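Just so we're clear, the structure is a prediction, and the values are computed from it rather than from any experiment. Letters go in sequence order (proteins before strands), and every chain restarts at 1.
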Amino acid sequence: MSRNYWLFKSEPDAFSLDDLRVMGHEHWDGVRNYQACNMLRDDIHEGDGVLFYHSRIKEPAVVGIAQVARSGYPDFTAWNPESKYFDPRASAEKPVWYMVDVAFVAQLPTPVTLNQIKGHPALTDMMVARKGSRLSVQPVRPEEWRAVLALGGIGVDPLG
DNA sequence: GCCAACGTTGGC
DNA sequence: GCCAACGTTGGC
């Protein structure tokens, strides 16, 4: 199967690229939006490429890349009453919400800012550039993936 | 911190 | 099943 590409948003105060670098890999849990969750469950597979995007900061930007280390599976934080992501509707039998695991790959030598994305002819159609786009997990076209890596200073795609 | 845009909830 | 009210996201 061919590799797909995605953009994952995170507020760095909650979970940053550096956090992922330190941990090596981590669950991408806590997504509580049906559209995003359906992608996590059905479409996002081990080996896929992920643009790691920092949101809700002064200069929102793609700051690094990660790789999906495990395809979609139930987000068990949903039925943990201790978790801030607890959802009383969810259970091990009826998970409701899904997550993937991601592994750190690289930091971009130069972050690619939202402003750059909006101003770059090859990237203006990216979902993240659209006003009011709140989807925290978004599909990325292969040519967009390549353009972001090039802008970010990565000459050779580490995922091949 | 503000507020527009969006998704969800719940009364009817 | 409509839609107003509400909560959340995220750029600014």
Side-chain angles (χ1 to χ4, degrees), chain A residues 4-23 26-44 48-68 72-102 104-141 143-145 147-154:
Chain A
N4 290 310
Y5 300 98
W6 311 92
L7 180 145
F8 286 11
K9 288 182 196 169
S10 186
E11 295 181 30
D13 285 348
F15 188 70
S16 69
L17 182 71
D18 276 339
D19 293 332
L20 182 62
R21 187 215 311 273
V22 168
M23 294 173 172
E26 183 56 305
H27 315 300
W28 201 269
D29 57 10
V31 175
R32 296 293 179 266
N33 168 283
Y34 286 111
Q35 207 184 337
C37 226
N38 288 342
M39 287 190 276
L40 290 169
R41 185 188 60 201
D42 302 329
D43 304 325
I44 305 184
D48 284 358
V50 173
L51 298 176
F52 199 117
Y53 178 87
H54 281 173
S55 66
R56 229 168 189 287
I57 52 173
K58 203 168 280 179
E59 188 105 84
V62 176
V63 292
I65 59 181
Q67 188 168 29
V68 178
Y73 64 104
D75 181 345
F76 47 72
T77 65
W79 60 85
N80 174 8
E82 309 290 307
S83 170
K84 61 177 168 178
Y85 301 125
F86 177 66
D87 181 342
R89 297 170 299 170
S91 66
E93 294 73 31
K94 286 221 160 195
V96 185
W97 303 111
Y98 287 79
M99 64 183 172
V100 299
D101 290 353
V102 294
F104 178 86
V105 174
Q107 180 173 1
L108 296 187
T110 315
V112 178
T113 68
L114 180 60
N115 272 336
Q116 273 181 288
I117 290 172
K118 286 178 172 172
H120 195 287
L123 301 177
T124 43
D125 284 340
M126 281 186 77
M127 200 177 284
V128 74
R130 286 216 290 270
K131 189 182 178 185
S133 164
R134 289 170 39 176
L135 207 55
S136 63
V137 169
Q138 311 180 350
V140 168
R141 288 182 267 270
E143 58 271 26
E144 294 166 344
W145 169 268
V148 169
L149 262 56
L151 274 177
I154 293 186

Please state whether the phosphate of C:dG11, meaning OP1 or OP2, lies under 4.0 angstrom from any side-chain nitrogen or oxygen of A:Y53. yes

OP1 or OP2 of C:dC12 versus the side-chain N and O atoms of A:K118: is any pair under 4.0 Å? yes

Quick one: label A:K58 by what it contacts on the DNA or RNA (base, sugar-phosphate, nothing), any heavy atom closer than 4.0 Å.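 No contact.
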
Tell me if the centroids of the rings in A:W97 and A:Y34 come within less than 6.0 Å of each other.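 Aromatic pair counts; centres sit under 6.0 Å.
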
When the distance from [atom1] of [X] to [atom2] of [N] is rounded to whole Å, what number comes out?
X	N	atom1	atom2	answer
A:Q116	C:dG11	CD	P	15 Å
A:L114	C:dT9	CG	C1'	14 Å
A:D13	B:dG1	CG	P	13 Å
A:R32	C:dT9	CZ	P	12 Å
A:E59	C:dC12	CD	C1'	11 Å
A:N33	B:dC6	CG	P	13 Å
A:Q138	C:dG10	CD	C1'	12 Å
A:D87	B:dG7	CG	P	18 Å

With respect to A:V148, which candidate in A:I65, A:I154, A:L7, A:L51 satisfies the side-chain contact (heavy atoms from CB on, under 4.5 Å) definition?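 Looking at A:I65, A:I154, A:L7, A:L51, the match for A:V148 under the side-chain contact (heavy atoms from CB on, under 4.5 Å) is A:L51.
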
For A:R89 and for A:R56, locate the closest nucleotide of DNA chain B by heavy-atom distance; then report the residue assigned to the nucleotide nearer the 5' terminus. A:R56

Nearest of C:dG11, C:dC12, B:dA4 to any side-chain atom of A:K131?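 For the A:K131 side chain, the nearest candidate turns out to be B:dA4.
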
Side chains of A:V105 and A:F52 in contact at under 4.5 Å (non-hydrogen atoms):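 Not touching, per the 4.5 Å side-chain cut-off.
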
According to the interplanar angle, ranging from 0 to 90°, do the rings of A:W28 and A:F8 count as parallel (below 30°), tilted (30 to 60°) or perpendicular (above 60°)?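 Judged by the thresholds at 30° and 60°, the geometry between A:W28 and A:F8 is tilted.
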
